[in-house]
Amino acid sequence: MSDALAYVIAGLLLVQAVLRAKSALRGRVRERSLWGAFAALAASWLARTEPGRNLLNSFGVPDLAYLVKHVLAILGICVLLKYVTAVYRTADDAARVRRSVRISAIVHRVATRASLVTVGVMAAVFLIGLDDPDTSTVFFLARHAGEPELAVYMGLFYLYTAAAAAVCAVQWGGAVSQAPMRSLKIGLRMMSVSMVLAVLYAVLRIGYLILITVHPVSDSFAIKQEAVTDTILYATFLLYGLGAIAPASHAAGVRYRTLRSLRDLHPLWRDLALTAPQVVRHRPSQLLGNTKLSAPVNRLRDLFGHDDSPTRRLGRYVTEIRDVIYELRRHAPEGLVDWARRQAELDGAQGSDADITAEAYWIRGAKIELAEREAGLPAPFPFGAGDDLAEEIPHLRAVAAVYGRIGPVSASENRGGPSSPIAAMTT
């Protein structure tokens with residue numbers, strides 16, 4: 001059970017490390033610090049598992065897995081504290097940096113220097129000071145109970161952990177009210193509570209450490225103590241891991257909606273971009289000619305190429321659709337709007353759907369006129385949802401759906417016969 005929970009916690013931390021790997025490589029020091037914290041803490045939890053212990057202990061040093069686990073935890077805590085301090089120091093106004101941030105900065109400076117000393121002293125005590133472990137028990141504290149060196153070794157670890165966790169709890173708890181998103185508020189609350197539990201864990205362990213140094217305890221007491229503190233430790237990192245993922249869930253939702261909008265707009269964008277390629281920034285992909293693979297390959301290249309993020313790509317799609325429509329207006333006759341509205345009426349569209357359907361027909365008809373008429377003054381275009389992307393994107397998605405449904409408009413439908421409305425308006 002303990003290994004299963006350790007793997008779950010390590011998995012949560014590794015997911016965060018993987019998701020932040022790109023920003024760590026390209027970002028500032030604080031992005032690299034956050035990535036380092038997740039990676040180090042995940043490795044620390046993997047060292048806690050039975051396979052991890054067996055692997056590390058196979059190097060011939062008794063209980064080496066415990067030393068590695070503790071050193072990785074200190075490294076993770078140190079860089080996490082560095083990240084927290086950097087974030088809240090830059091977030092606050094320089095003229096009125098919060099007192100808690102100033103204190104955190106001091107703690108971080110001390111902790112950074114102290115981490116090297118702490119690791120050095122712990123390693124020296126572990127390798128030189130501690131006696132051979134009592135292998136009749138699986139608990140590290142019980143293996144060296146009564147040894148003063150154990151109090152030094154674990155006391156340094158718990159004090160370091162408690163101080164850093166207290167700083168993180170204060171910063172994350174104080175930032176909840178300023179968080180702009182609900183998911184971020186939830187994540188900050190969860191992480192703040194997790195750090196409070198980390199302080200509680202360290203305090204309980206320090207108390208137990210003092211007790212076993214001065215007085216032996218029964219096996220049943222030791223087992224109960226380990227069960228209680230391990231439960232707190234699992235809860236600490238589960239809350240921390242889930243809390244760190246909570247804000248990412250909002251970003252994942254935004255990314256999903258953006259990709260869905262790109263998928264829906266792509267047919268309209270591609271058709272218009274091929275109609276007036278001189279207007280768009282990046283021309284649609286046209287690989288593989290007319291083969292069966294050309295459509296899916298070109299679609300993937302269009303949907304995932306050129307721009308550095310889906311959000312920017314979506315903004316470009318919307319802008320280029322409107323730019324091509326403006327180019328079409330320079331070639332379209334004035335009566336095209338009335339023809340498009342008549343077509344929407346014949347389709348049975350009503351209300352807002354009538355305008356959306358008419359806009360789709362207008363675009364279809366204007367494509368024919370582009371090749372037939374010289375450029376002039378822009379024709380009327382009483383459609384659209386304004387300049388706000390939040391309104392324009394769903395509007396264009398609806399237009400794209402109708403545009404795909406009605407199919408191309410032939411020249412005869414648009415201009416060719418006496419029964420054509422547009423023909424009557426232009427003769």
**Report entry** From CA spacing to verdict: side chain to side chain contact (heavy atoms under 4.5 Å, CB included), V117, L156
**Finding:** CA-CA 10 Å; V117 176; L156 286 172; over 6 Å; no

Query raised in the report: Stepwise, does the side chain to side chain contact (heavy atoms under 4.5 Å, CB included) test hold for Y160 with C78?
Result: CA-CA 9 Å; Y160 191 96; C78 181; 3.2 Å; yes

Flag the pair [X] / [Y] as yes when at least one side-chain heavy-atom distance between them is below 4.5 Å, and no otherwise.
X	Y	value
Y7	L46	yes
I406	D347	yes
L238	L12	yes
E147	T213	no
M191	C168	no
F237	L5	no
L274	Q286	yes
H395	E359	yes

Tell me whether [X] at atom [atom1] has more than 12 heavy atoms from other residues, nucleotides or ligands lying less than 6.0 Å away.
X	atom1	answer
R301	CZ	no
D134	CG	yes
Q350	CD	no

Work out which heavy atom in [X] is nearest to a heavy atom in [Y]; give both atom names and the distance.
X	Y	result
Y66	Y153	O-OH, 3.9 Å
S192	A169	OG-O, 3.1 Å
A366	A332	CB-CB, 4.5 Å
G365	L336	C-CD2, 4.2 Å
A37	G76	CB-O, 3.6 Å
A273	P284	CB-CG, 3.5 Å

Tell me whether [X] contacts the main-chain N or O of [Y] through its side chain, where contact means a donor paired with an acceptor under 3.5 Å.
X	Y	value
S294	T291	yes
R313	H306	no
E392	V318	no
D388	A390	yes

Query raised in the report: What pairs of residues pass the side chain to side chain donor-acceptor pair (under 3.5 Å) test when at least one of them lies in residues 40-59, not counting sequence neighbours?
Result: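 Qualifying pairs: R48-D230.
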
To the nearest 0.5 Å, what is the distance between [atom1] on [X] and [atom2] on [Y]?
X	Y	atom1	atom2	value
I393	R260	CD1	CZ	11.0 Å
R270	L265	CZ	CG	15.0 Å
H331	I368	NE2	CD1	14.0 Å
L19	L14	CG	CG	11.0 Å
I325	W362	CD1	CH2	7.0 Å
R312	T258	CZ	OG1	13.0 Å

Query raised in the report: Step by step, would you call T311 with S309 a side chain to side chain donor-acceptor pair (under 3.5 Å)?
Result: CA-CA 5 Å; T311 302; S309 72; 4.7 Å; no

Query raised in the report: H70 vs F140 aromatic rings, parallel, tilted or perpendicular, using cut-offs 30° and 60°?
Result: perpendicular

**Report entry** Whether H266 and W269 hold their rings parallel, tilted or perpendicular, with breakpoints at 30° and 60°
**Finding:** tilted

Report task. Using the side chain to side chain contact (heavy atoms under 4.5 Å, CB included) rule, take R281 and T319 through it: C-alpha gap first, then chi angles, then the decisive distance, then the call. Result -> CA-CA 10 Å; R281 181 180 179 185; T319 300; over 6 Å; no

Report task. Output yes when R364 and D271 qualify as a salt bridge under the 4.0 Å nitrogen-oxygen rule, no when they do not. Result -> yes

Query raised in the report: L396 and R322: side chain to side chain contact (heavy atoms under 4.5 Å, CB included), yes or no, with the steps?
Result: CA-CA 10 Å; L396 285 178; R322 287 308 180 200; 3.4 Å; yes

Query raised in the report: Considering residues at least two apart in sequence or located in another chain, which fulfil the salt bridge (charged side-chain N to carboxylate O under 4.0 Å, His left out) criterion with E226?
Result: R205

Requested in this report: Tell me, please, which residues at least two apart from N298 pass side-chain hydrogen bond (donor to acceptor under 3.5 Å, both in side chains).
Outcome: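 S285.
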
